[in-house]
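Just so you know, these numbers come straight off a predicted model, no measurement behind them. A note on names: the letters A, B, ... follow the listed sequences, proteins ahead of strands, and every chain is numbered from 1.
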Number of protein chains: 2
Amino acid sequence: MIRAAVELFVERGFEQTTAGDIAERAGVTERTFFRHFADKREVLFDGSKTMERTAYDAILAAPADLSPLDAALAGVVAGGSLLEGRRDHAIRRSKIIAANPSLQERELLKLAAMADTAAEALRTRGVAEPAASLAAHSAVTVFQVGFAHWLSAEVPAEEPQDVATCIAQAAAALRALT
Amino acid sequence: MIRAAVELFVERGFEQTTAGDIAERAGVTERTFFRHFADKREVLFDGSKTMERTAYDAILAAPADLSPLDAALAGVVAGGSLLEGRRDHAIRRSKIIAANPSLQERELLKLAAMADTAAEALRTRGVAEPAASLAAHSAVTVFQVGFAHWLSAEVPAEEPQDVATCIAQAAAALRALT
DNA sequence: ACGGGTATGTCAGTTACTGACATCAACCGT
DNA sequence: ACGGTTGATGTCAGTAACTGACATACCCGT
């Protein structure tokens, strides 16, 4: 169904395709669609829980001597690495989202959820508030900036950037801020 | 209408009140409600554009020798100061939002919009990307954390905290991160 | 063969929102 | 005073996102 949905969103746009359209192309009923996805938007955010858990685990697994910010960054790098090799799909998806405010809202909610569980992971590492929240949200901001750069990067021939590198560059820019 | 809406949201909750309910209590038609507010959620985010512009102006008006992060922080402090003296209303509002994911999405969108225009202001100050985005989003994160603390602070008798102080504390915590 | 669990179809209902059109009052220039 | 314009509102019909209730089919272990 995800494939069917993305196809239709690319063809006619998100608002112009109804849940019934997606269901029809996928060969099921509209009701069935809503049993698999809480709402029409959710179909574009399938992997988010996986990414969230990956980041959480990576933060807990990070070396104990890492600073809170570095641990959080390790988390978002691990999460972002899940998208490695799926750049074209990520680009299509991000174009769909960029064209629709309600999808941007959902994306922000997912990112906020990731930041919240990252903060939770930091807290179990012994980081106190508000440092945990601040480090987690900063790391997610770095993720957003690095990820956007990864998507927009020209890849002419020789230098295929990977997600981790882009995030590391954004992290360096954040540190330069102080 | 805003007053009518907040009343009903407190009485029965957000989902349990229909747009028609709000309109009725306000003495207008449902159609009229939707002419004033783009959707039912928007009724809780009336002041956001004002706050956004205030932050933007404050960033442009900040001393030229301020660092990007400090300029952005000056912006969110100016924006947050608009809420000074309306703490009880802010608390009621934030409880309503906390109880409803779709309202959280909208709030995140507004905060992201504020971060984006703050980044724009930094750019006209000559700050390059990605520093502008990173500083702006970091400042908004600091705003969130400081604002939450302002809302939750116990105010027994002697020490009424103001918004700017809470944000400054959160900013200090962010700097301590590096 | 049977009973239970899980995925799906069917159908009716609610609600958020939108477009088209009518109404009405305030206001403006002559 | 009068006709015209403008802006806010009411009315009504329609679309589409969901939801709950119920029926049906399939699959699996006994």
Partner of B:K110 under salt bridge (Lys or Arg N to Asp or Glu O under 4.0 Å), picked from B:E52, B:E42, B:E105, is B:E42
Would you mind classifying the nucleic acid contact of A:S102 as base, sugar-phosphate or nothing, using non-hydrogen atoms under 4.0 angstrom?
->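 It contacts nothing in the nucleic acid.
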Closest listed nucleotide, where the reference is the side chain of A:F34 and the choices are D:dT19, D:dA16, C:dA20 = D:dT19
When you get a sec, tell me which of C:dT10, C:dC17, D:dC18 is the closest nucleotide to the side chain of A:T29?
->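 So the side chain of A:T29 is nearest to C:dT10.
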How long is the line joining [atom1] of [X] and [atom2] of [N], in whole Å?
X     : N      : atom1 : atom2 : answer
B:L8  : C:dT15 : CG    : P     : 14 Å
B:I22 : C:dT15 : CD1   : P     : 13 Å
A:F14 : D:dA17 : CZ    : C1'   : 10 Å
B:Q16 : C:dT14 : CD    : P     : 16 Å
B:F37 : C:dT18 : CZ    : C1'   : 18 Å
B:E24 : D:dG10 : CD    : C1'   : 15 Å
A:H36 : C:dT6  : NE2   : P     : 14 Å
A:F33 : D:dA17 : CZ    : P     : 9 Å

Residue pair B:E30/A:E30 against DNA chain D: nearer the 5' end by closest nucleotide is B:E30
Please tell me which of A:R31 and A:T18 maps to the more 5' nucleotide of DNA chain D, matching each residue to the nucleotide holding its nearest heavy atom.
->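 Final value for this comparison: A:T18.
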Do A:R93's NZ or CZ and the ring of A:F45 fall within the cation-pi criteria of under 6.0 Å and 45°?
->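 A:R93 over A:F45 ring: yes.
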Select from B:T17 and A:R35 the residue whose nearest nucleotide in DNA chain C is closer to the 5' end of that strand.
->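 Result: A:R35.
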Shared hydrophobic cluster, A:L82 / A:I91 (ILVMFWY, side-chain heavy atoms < 4.5 Å) =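 Looking at the clustering, A:I91 is in the same group as A:L82.
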May I ask you to decide whether A:R175 forms a salt bridge with A:D70, counting only side-chain N to carboxylate O separations under 4.0 Å?
->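 Salt bridge: yes.
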Spacing of A:L108 atom CG and B:E107 atom CD [to the nearest 0.5 Å] =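 It comes to 11.5 Å.
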So, is A:T32 near the phosphate of C:dG9, with a side-chain N or O under 4.0 Å from OP1 or OP2?
->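 Answer yes for this pair, as a side-chain N or O of A:T32 is under 4.0 Å from OP1 or OP2.
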